[in-house]
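What follows is a set of notes on a single structure, which appears directly below.
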Amino acid sequence: FDWTAVRPAVNVVSTGMSREREGRMMREVRLMAKDHGFIFFGDDTLKTRHMLEQVRAFQAEYGFDAAFVSVSGSDNPLMPQAREDKGLSAFVARGVRQFPALVLVSRFEKDLTKAKLIATGAADAMTLVRNTQAANEMLRDRASAAEDSVAAGLMAGQTASGGALGGSGE
């Protein structure tokens, strides 16, 4: 049963909502470019060539800085400007195991194990947008949870010290 054939307005509303959601994601990802960059790990395969096109288009569209790392040696014809991987891929985002790979890195986080893997293999531009936005939400949720636990710890400490300092009132 095709619900949209009977109720074409449902399809129009659904399409409109999808466009609005995608627009919000794109704006959020554009804002992320101020505080984040990417590390692209690639080799000399066809998959890397296709993914590299998507990453460069994504970089140009949203304004992200990117560092390119070749996991197949310094002589990679697909990425002549790339640095040679000297163990970084095993360290970043707790280890990248599939290539090509795109990793989101915060400009303010020095611990690269906390970087977020956005995509491996080949991915289209909208997948990169969705995954980047989802990684940002996860980072925000983690930061919010950390702030909440610090606040709870401070409150508990104040309550404990208040009781200890309050004494018997004599």
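Just so it is clear, the model here is predicted, and its values are computed rather than measured. Throughout, residue positions are numbered sequentially from 1 according to the sequence presented.
- Expressed to the nearest 0.5 Å, how far NZ of Lys116 lies from CG of Asn131 amounts to 13.0 Å.
- In this structure Arg19 satisfies the salt bridge (charged side-chain N to carboxylate O under 4.0 Å, His left out) test with no other residue, sequence neighbours excluded.
- Looking at Met126 and Gln54, their side chains never come closer than 4.5 Å, going by heavy atoms from C-beta outward.
- Pairs of residues two or more places apart, or lying in two chains, never qualify as salt bridge (Lys or Arg N to Asp or Glu O under 4.0 Å) while including a residue from residues 33-47.
- Interatomic distance, CE of Met32 versus CE of Met25, reported as 12.5 Å (0.5 Å rounding).
- Counting all heavy atoms, side chain and backbone alike, Leu78 lies closest to Leu52 at O-CD2, 3.3 Å.
- Looking at residues two or more places apart in sequence or on another chain, you find no salt bridge (charged side-chain N to carboxylate O under 4.0 Å, His left out) involving Glu84.
- Between Ala82 and Ser70, the shortest heavy-atom contact is CB-N, 3.8 Å.
- Judged as a side chain to side chain contact (heavy atoms under 4.5 Å, CB included), and not counting sequence neighbours, the contacts of Ala66 are Phe38, Gln59, Phe68.
- Contact detail for Pro100 and Phe40: the closest heavy-atom pair is CB-CZ, 3.6 Å.
- Listed here is the closest heavy atom pair of Ala93 and Ala115: CB-O, 3.3 Å.
- Judged as a salt bridge (Lys or Arg N to Asp or Glu O under 4.0 Å), the pairs with a partner in residues 97-113 (not counting sequence neighbours) are, in order, Asp65-Arg107.
- Applying the side chain to side chain contact (heavy atoms under 4.5 Å, CB included) criterion to Arg27, with sequence neighbours excluded, gives Arg24.
- Here Glu28 pairs with Asn136, Arg140 under the side chain to side chain donor-acceptor pair (under 3.5 Å) rule; sequence neighbours left out.
- The other residues sharing a hydrophobic cluster with Val103 are Ile39, Phe41, Val69, Val71, Leu88, Phe91, Val92, Val96, Phe99, Val105, Leu112, Leu117, where clustering joins ILVMFWY side chains under 4.5 Å apart.
- Residues passing the side chain to side chain contact (heavy atoms under 4.5 Å, CB included) test with Ala123, sequence neighbours excluded: Met51, Ala119, Thr127, Leu128.
- Taking the side chain to side chain contact (heavy atoms under 4.5 Å, CB included) definition, one finds that Arg83 meets it with Ala67, sequence neighbours left out.
- Going from atom OG1 of Thr132 over to atom OH of Tyr62 covers 9.0 Å, rounded to the nearest 0.5 Å.
- Here CD1 of Ile118 is found 6.5 Å from CG of Leu102. Values are rounded to the nearest 0.5 Å.
- Chaining together hydrophobic side chains whose heavy atoms lie under 4.5 Å apart leaves Leu31 on its own.
- In this structure Glu61 satisfies the salt bridge (charged side-chain N to carboxylate O under 4.0 Å, His left out) test together with Arg30, sequence neighbours excluded.
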